[in-house]
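Report on the structure given below.
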Amino acid sequence: MPLGGRYSIPGRYAWPVWLRNFHVWRKLMVPSLLGNFGEPVLYLLALGYGFGRMVGRVGQISYIEFLASGILCSSAMTAASFEAMYSAYTRLNVQHTWAAMLATPLGVEDVVIGEILWAGSKALINTTAILIVAAALGLVGGWTALLALPVALATGLAFAALAMIVTAFAPSYDFFMYYFTLVLTPLLLLSGVFFPLAELPHGVVLTMQFFPLVHAIALIRPLLAGTVPQQAWLHGGVILAYLLVAGGVAVWLFRRRILR
Amino acid sequence: MECSQGLARVLIPAVAGASKAVIVEGLEKRYAGRMVVDDISFSIDRGECFGLLGPNGAGKTTVLRMLLAHTPPSAGRIEVLGYSMPGEARAARARIGVVAQEDNLDPDFTVLENLLSYARYFGIKPRAMRRGTSALLEFAALEGREGARIHELSGGMQRRLTLARALVNDPRLLVLDEPTTGLDPQARQLIWQRLRSLLASGRTLFLTTHYMEEAERLCDRVAIIDGGRLVAIGSPHALIGEHVEAHVFEFTAPDLVSRAADLARLEGVHIERVGETTLVYARSPEPVRAWLSGCAGEQYWYRPGNLEDVFFRLTGRDLRDR
């Protein structure tokens with residue numbers, strides 16, 4: 001990695017930040033995986049089999065297949081959000097890991113982008129585990145399911161970038177509850193994770209189109225069922241737009257917070 | 001100090017580039033209209049140990065943050081190792097080692113992992129770094145502790161590791177923010193010894209400290225700032241000669257304290273009262289000694305004037321965080 005040259009791509013030096021977080025994760029892998037992946041799998045099994053018997057089929061697929069794709073998406077959202085809020089905040093304000101990094105050639109944009117990339121990677125790790133479980137349970141309809149992973153990564157990155165905006169304003173850990181209660185929980189309940197979006201009033205459905213989780217589900221649900229999603233570019237575009245805009249805003253906000 | 005080959009590698013002489021390590025001109029920082037750093041100028045020679053002193057809130061940390069491009073200046077020019085700050089921060093920081101005031105070792109990593117992951121922030125791969133780590137651990141007197149977790153280390157060990165970590169990139173300039181605050185005397189002595197050996201290797205040191213003894217022992221020159229302004233700059237010896245009398249008598253005995261006012265009439269004597277203590281500053285000690293011989297049996301303390309006296313003379317004795 002050449003240092004001291006003209007700065008070109010933002011976050012070009014984000015890699016060591018990602019790697020640092022990865023190395024720590026590897027040390028604490030077992031409890032981390034258990035928490036972030038065990039819970040969604042429990043939801044999938046309990047709700048899938050419990051409700052599944054009552055609900056029967058949703059459109060072309062069984063309820064547990066329907067739920068599997070929903071939980072895969074929502075766990076990408078929660079895993080990335082949690083990492084970019086609680087963990088990033090700890091490294092910023094409690095362990096002062098960011099301060100140590102900023103004493104080196106790394107800039108604020110490298111650290112913020114490195115954190116977003118890492119939080120997105122955690123979403124990918126968790127969704128990969130869930131996908132493996134879903135495949136083992138016979139809930140996956142074809143090889144297109146593998147394409148769900150890059151979508152889950154992009155979804156994780158977009159939610160990581162959004163969560164970093166929240167972290168940039170956070171005066172303490174308690175602050176994150178606002179975002180969880182006011183944003184993430186409504187998204188989880190109203191984006192079509194547990195039941196089809198069509199069951200909700202038109203206004204709610206329309207509002208949810210402005211958030212990335214609906215679009216992640218619109219891509220991943222057909223992919224898991226073994227079919228090609230419709231309007232894939234539109235859904236993918238919304239997720240990528242969220243990632244780029246929220247990422248840019250997060251970098252700007254952190255530069256303002258840190259480089260006072 | 002005898003040093004092994006490995007240690008010698010840590011201490012190799014720095015290469016000379018621009019003649020000044022740091023140039024600061026007309027530096028200003030305003031926060032919401034309040035002037036925190038007010039028109040400060042100084043420069044630091046290569047290989048020099050330069051201390052920045054001042055009471056809490058004087059602007060020390062703000063100056064230091066601006067040097068590292070962690071805070072944009074409101075006005076003025078900063079050049080560090082020939083790089084203009086904050087514009088060329090990345091290149092400059094690649095050649096600077098920083099020991100921050102707040103401990104920020106990585107608690108999730110061992111001693112060795114801390115060095116390796118920190119080196120990676122400089123673009124140094126673990127394979128290239130591994131060769132240097134044993135010398136750094138020796139420098140930090142942490143041999144055999146590679147696998148220890150950070151919370152298993154004492155405060156002194158953590159500080160030494162922070163210092164060793166600041167050397168992974170073989171820096172030309174070391175910036176140390178209160179490097180020995182909170183350490184016991186033994187730990188402090190070891191840090192001083194290490195800082196001296198880094199100076200001997202040709203590196204430049206910039207440090208802030210609250211300990212006047214530390215500044216007097218280590219620094220070639222010190223700058224005293226107060227209220228954001230530079231109030232004095234020079235070698236500790238020159239500042240003492242310039243601002244305070246060479247001889248100091250401290251009285252705490254009530255009898256001496258009550259009669260000390262007599263001394264004020266003597267030529268070249270200056271008296272200060274600090275709580276229960278009276279400080280008698282004298283250009284020559286004889287008149288005061290003669291006066292004291294008339295007060296037989298009373299306890300007093302005699303010492304030469306020091307940097308702390310200069311500090312109080314220039315910044316006053318009021319508490320700054322009241």
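Just so it is clear: chains get the letters A, B, ... in the order the sequence lines come, proteins before strands, and each one is counted from 1.
Against chain B, the residues from residues 88-96 of chain A that qualify, each with a non-hydrogen atom under 4.5 angstrom away, are A:Gln95, A:His96 in number order. Residue-level contacts of residues 163-173 of chain A with chain B do not occur; threshold 4.5 Å between heavy atoms.
A:Asp110 and B:Arg90 make their closest contact through OD2-NH2, 2.9 Å (heavy atoms, listed as atom of the first residue, atom of the second, distance). Minimum interatomic distance between B:Ala69 and A:Leu259 (heavy atoms only, all atoms of both residues): O-CD2, 4.0 Å. Annotation for B:Glu113 and A:Lys27: closest pair OE1-NZ, 2.7 Å, computed over non-hydrogen atoms. Here the closest non-hydrogen pair linking B:Tyr121 and A:Pro105 is O-CD, 3.7 Å.
Remark: A:Arg20 engages B:Asp106 in a salt bridge, criterion side-chain N to carboxylate O under 4.0 Å.
Contact annotation for B:Ser74: neither backbone nor side-chain heavy atoms come within less than 4.5 Å of a heavy atom of chain A. With a 4.5 angstrom heavy-atom cutoff, B:Asp103 touches chain A only via backbone atoms. Both the backbone and the side chain of A:Leu102 have a heavy atom closer than 4.5 Å to some heavy atom of chain B. Contact annotation for B:Ala166: neither backbone nor side-chain heavy atoms come within less than 4.5 Å of a heavy atom of chain A.
Within 6.0 Å of the CZ atom in B:Phe109, the count of heavy atoms belonging to other residues, nucleotides or ligands exceeds 12.
Without hydrogens or angle criteria, B:Arg120 side chain to A:Trp15 main chain gives no donor-acceptor distance under 3.5 Å.
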